[in-house]
Amino acid sequence: MDKENIIADDGEYIANTYARYKVAFKSGNGALLYDFDGKEYIDCATGIGVNIFGVNDAEWKNAVKNQLDSIQHVCNLYYSQPQTMLAKALCKKTGARKVFFGNSGAEANECAIKAARKYGNTRYGNRNQIITLKNSFHGRTIATITATGQDGFHKYFNPFLEGFKYAEPTMDGIFKHYTDKTCAVMVEVIQGESGVNVLNVDFLRELESFCRKRDILLICDEVQSGNGRTGYLYAYQAAGITPDIVTTAKGLGGGLPIGACLMFGKCGDIFGAGDHGTTFGGNPVVCAGALNIIERLTPDLLLEVQGKGAYFKQNLQHIKNVKGVSGLGLMIGISTTKPARDIAARCLQKGLVVLTAHENVRLLPPLNITKEQINTALKILNEVISE
Ligand SMILES: *Cc1c(COP(=O)(O)O)cnc(C)c1O
C-alpha cells in the first residue's frame with residue numbers, strides 16, 4: 001500500500017473526526033521519522049507526547065517483547081506482576097499511595113472524577129461539584145468533555161453531566177464558583193492543548209492551601225505534562241505543590257496505551273471492590289514497557305531535559321515573528337504572528353514535525369533528542385517562522 005492508497009482508503013473507511021496532514025509515517029529511530037516515500041523528519045511531536053524515548057527504542061522494546069513472550073493479557077480478577085511493579089515504582093517515586101490503571105488520559109480523569117465524587121458524597125453527603133479551569137482540556141468522553149472548560153467541545157453532545165464549573169485561573173475565579181458542594185478542583189499545571197500555558201505558581205500554592213483547609217481534593221491532570229516531559233517527573237513538583245490525585249497517560253507507556261490515576265494520602269482508601277474497574281487497564285505488556293520508562297527517568301535525565309528545554313527556548317525567543325515562548329522542559333509553546341497550522345504544514349514540507357495548540361506552535365520532542373537534532377529543528381523553525 002502506498003501513501004495515495006492509504007489516504008484514499010482512510011477517506012473512505014475512517015470516521016471523519018481528524019483533519020490529517022497528508023503524511024503517513026512508516027518507521028523511525030529516536031527522534032527521526034521516515035514516511036512511505038523514505039523522506040526523513042525530525043520529530044518534535046512524538047505522537048502528541050507519547051513516544052517519550054522516540055521510535056524504535058531498544059530498551060523499551062526489550063521490556064515489551066519479554067512480556068509478550070510470557071503472557072499478553074490477564075484480567076483484573078487475578079494478580080499481575082507487571083501491573084504491581086509499575087504501581088509500586090510510581091508510588092515510590094511520587095509518594096502516592098495507590099494507583100488505578102486505565103488505557104488513556106480520559107480514563108485516568110474519569111477515575112479521578114469518580115474518586116472525588118465518592119470522597120465528597122460519602123464524607124459530607126451530596127458534595128460532588130468539581131471546579132475546572134477555563135481553557136482546560138481533560139479528554140473526549142462525556143464526563144471529560146464536560147470537565148473541559150472550552151465551549152468548542154460542548155457543541156453537539158448535550159445533555160452534559162451536572163456539577164462542573166469553569167473558573168478563571170485565579171483565586172478570585174475559584175471563589176466565584178466555590179460552594180459547600182465543591183468536592184474537587186481539577187487543573188492542568190501546564191495547559192497543553194490550549195497553547196502550553198504554564199499556570200502561575202503563586203496561584204497553584206494558594207489553591208493548594210485553599211483546598212486543604214476545606215478538605216477539597218486538588219486533582220492535577222498531568223496526562224501531557226507528566227513522566228519527565230517538563231524536566232520534572234511530574235510538573236506539580238516544579239510548582240512545589242502536593243496534589244491529592246494526579247492523572248497521567250501519554251508518555252507513560254512509551255508508545256502503548258495506558259492511563260494512571262495516582263491517589264495520595266487520604267485518597268488511597270476511597271475506592272472499595274466494585275467501585276471502579278476495566279478490562280484492558282493495567283495490561284501486562286503495556287505495564288512492562290511503562291516500568292522501563294519510569295525507571296529511566298532518573299535525576300540526571302531530568303536535568304538533561306531541563307537543559308535541552310532551556311536551549312530550545314533561548315534560541316526560539318529571538319526568531320523574527322516570534323511573540324513569546326512558553327512551557328517547561330521539553331513541553332514548549334511558541335506564539336507567533338502567523339497561523340500555527342500554516343507553520344506546522346510548512347515545517348512538515350521541510351522535514352520537521354511540530355504540533356499546534358490553539359494559536360500556538362507546540363513542541364513535544366522525545367526526551368532523548370540530540371543537540372544536533374535540536375539545532376536542525378531550530379534551523380527549520382527559524383526559516384519557516386521568519387519567512
Ligand atoms: C491528551 C490529554 C487528555 C486526554 O487523553 P486521551 O489519552 O486522549 O484520552 C487529557 N488531559 C490532558 C491534559 C491531555 O493532554
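Start at 1 and go down the list; that is how both ligands and their atoms are numbered. Nothing here was measured: the structure is a model prediction, and the numbers come from that model.
- Under 4.0 Å from ligand 1, not a single heavy atom of E222 appears.
- Geometrically, ligand 1 and F137 share a nitrogen or oxygen pair separated by less than 3.5 Å.
- Between E188 and ligand 1, not a single N/O pair is under 3.5 Å apart.
- Under the 4.0 Å criterion applied to side-chain N and carboxylate O atoms, E387 and K320 are not assigned as salt-bridge partners.
- An N or O contact shorter than 3.5 Å is missing between E107 and ligand 1 by distance.
- Close approach of ligand 1 to Q224 is summarised as follows: ligand atoms under 4.0 Å from at least one heavy atom of the residue are 15 (O).
- Contact annotation: the side chain of E168 never approaches that of K176 to less than 4.5 Å [non-hydrogen atoms, C-beta and beyond].
- Against a heavy-atom cut-off of under 4.0 Å, N109 is close to the following atoms of ligand 1: 10 (C), 11 (N).
- Taking only nitrogen or oxygen atoms, main chain and side chain alike, G105 reaches within less than 3.5 Å of ligand 1.
- A heavy-atom distance below 4.5 Å is found between the side chains of L363 and L381.
- With a 4.5 Å cut-off on side-chain heavy atoms, T94 and V246 do not count as touching.
- With sequence neighbours left out, the side chain to side chain contact (heavy atoms under 4.5 Å, CB included) criterion links D275 to K118, F271.
- The shortest contact between atom 1 (C) of ligand 1 and any protein heavy atom is with K250 NZ, 1.5 Å.
- Heavy-atom proximity to S104, at under 4.0 Å, picks out these atoms of ligand 1: 7 (O), 9 (O).
- Contact annotation for atom 15 (O) of ligand 1: protein present (non-hydrogen atoms, distance under 4.0 Å).
- At the shortest separation from atom 11 (N) of ligand 1 among protein heavy atoms lies D221 OD2, 2.8 Å.
- In summary, R214 and D180 do not engage in a salt bridge, as defined by a charged side-chain N under 4.0 Å from a carboxylate O.
- Heavy-atom contacts from other residues, nucleotides or ligands closer than 6.0 Å to CD of Q81 number 12 or fewer.
- A cation-pi arrangement is present between R296 and F53, with the terminal nitrogen or guanidinium carbon under 6.0 Å from the aromatic centre and inside a 45° cone about the axis.
- Listed by chain and residue number, R341, A344, A345, L348, T356 satisfy the side chain to side chain contact (heavy atoms under 4.5 Å, CB included) test with Y21 (two or more places apart in sequence, or in another chain).
- Contact annotation for T144 and ligand 1: no heavy atom of the residue comes within less than 4.0 Å of the ligand.
- For ligand 1, the polar-atom distance check finds an N/O of A106 within less than 3.5 Å of one of the ligand's N/O atoms.
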